[in-house]
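See below for the structure under consideration.
Note that the structure is a prediction, hence the values are computed from the model and not measured. Note that ligands are numbered from 1 as they come in the structure, with each ligand's atoms numbered from 1 the same way.
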Amino acid sequence: MKSPMDIGSFIWCNGKILNSYKSISVPLLAQSINYGFGAFEAMRTKEIDGGTLIFRLKDHIERLFYSANKLLYPLEDKFTREEIQQATQCVIYKNKIPQVYIRISLYFGDIFPGFKISKDNMHIAVLAFPMAYPFCNEIRVTIAEKRKDSRNTMVDIKGSGQYQIFTYERERAKQKGFDDALFLDNNNNIAEGVGSNIFLVKDKILYTPPLENILPGVTRNSVLKFASDLGYDVIEEHIPYSQLMEFSEAFFVGTAMGVLPIKQINDYQFSSMNVGLEFQRYYHNITEGKIDKYSSWLTKVVF
Ligand code: PMP
């Protein structure tokens with residue numbers, strides 16, 4: 001197994017497959033480096049006999065276009081959704097790595113003056129690197145210092161610069177002895193994690209914050225759709241942080257971690273992780289193509 005950051009040598013950039021990611025270089029004065037301009041998307045594949053399955057390819061590409069449009073990046077002037085989908089499949093096929101993390105990066109990679117957004121300076125690349133799911137199954141989380149607030153920031157897109165606050169919060173959490181951070185919104189409701197959405201469990205009901213101050217996660221959307229298969233109702237509503245102790249369990253969901261049970265938030269220890277683990281198993285079964293009714297979520301690449 002290669003190391004997690006061992007990028008597959010074939011990448012797609014601006015319409016072409018290149019033999020080596022090293023053939024792309026970005027100057028230090030590029031807008032993406034100076035100002036954090038850019039948007040990105042991430043998705044995963046699971047190994048099957050003779051190839052791999054991409055989880056919710058179309059939905060991830062749709063969110064990339066949503067992010068680009070919202071940021072006024074002229075992605076639609078350059079590429080169609082279908083072209084980016086094909087580029088993703090092509091990178092996976094060329095690299096033939098069965099279980100990959102795909103990164104689509106829209107960046108402004110030339111020396112360009114000031115803040116002007118120009119399609120001449122806009123690039124898009126698709127990379128793949130091998131990545132396993134985390135082994136850790138019981139993370140401890142602290143409350144982030146900053147808040148999620150859709151009135152002042154674009155919480156519903158994957159814009160590159162925004163992730164500065166997220167990396168700050170994760171680092172801060174680690175320095176405090178926790179594994180990750182949980183954001184609240186401006187009204188002290190639970191919002192989302194760093195790179196994840198959250199579900200909380202009370203009896204046979206899952207609770208998750210509404211799409212107001214959070215990223216509309218593809219994994220969150222999947223859980224909303226398959227929860228009833230496991231006998232759970234889901235309620236999307238604001239969850240005041242002050243009511244945390246009413247819940248027996250919580251878990252994060254996201255492309256990078258799948259479903260990850262939370263053991264503790266600040267001082268509060270949850271009494272169980274069973275529901276999280278049950279959802280984790282079911283999610284993996286879906287992504288591995290073992291649950292027929294979700295086969296439309298999977299795009300097969302045959303090696
Ligand atoms: N919230 C944020 C802020 C994220 O960065 C992510 C990761 N994309 C998520 C939630 C989870 O989204 P998804 O399930 O689409 O990966």
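Pro209 has its side chain out of reach of Asn189: every pair of non-hydrogen atoms, C-beta onward, lies at least 4.5 Å apart.
Each of Val218, Thr299, Ile61 was evaluated against Arg56; a single residue qualifies, Val218, per the side chain to side chain contact (heavy atoms under 4.5 Å, CB included) test. Among Asp185, Asn213, Leu211, Asn186, the one residue that satisfies the side chain to side chain contact (heavy atoms under 4.5 Å, CB included) test with Ser150 is Asn213.
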Enumerate the pairs of nitrogen or oxygen atoms, one from ligand 1 and one from the protein, separated by less than 3.5 angstrom; state names and distance to 0.1 Å.
residue, atom, partner, partner atom, Å
ligand 1, 1 (N), Glu192, OE1, 2.7
ligand 1, 5 (O), Lys158, NZ, 3.4
ligand 1, 5 (O), Tyr163, OH, 2.4
ligand 1, 8 (N), Lys158, NZ, 2.6
ligand 1, 14 (O), Val218, N, 3.3
ligand 1, 14 (O), Thr219, N, 2.9
ligand 1, 14 (O), Thr219, OG1, 2.5
ligand 1, 15 (O), Arg63, NH1, 2.8
ligand 1, 15 (O), Arg63, NH2, 2.9
ligand 1, 15 (O), Val218, N, 2.8
ligand 1, 16 (O), Thr255, N, 2.9
ligand 1, 16 (O), Thr255, OG1, 2.6

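Classification of the Phe303-Tyr93 ring pair by plane angle, with boundaries at 30° and 60°, yields tilted. Between Phe37 and Tyr35, the angle of the ring planes lies from 30° to 60°, which puts this pair in the tilted group.
To the nearest 0.5 Å, atoms CD (Glu171) and NZ (Lys176) are separated by 13.0 Å.
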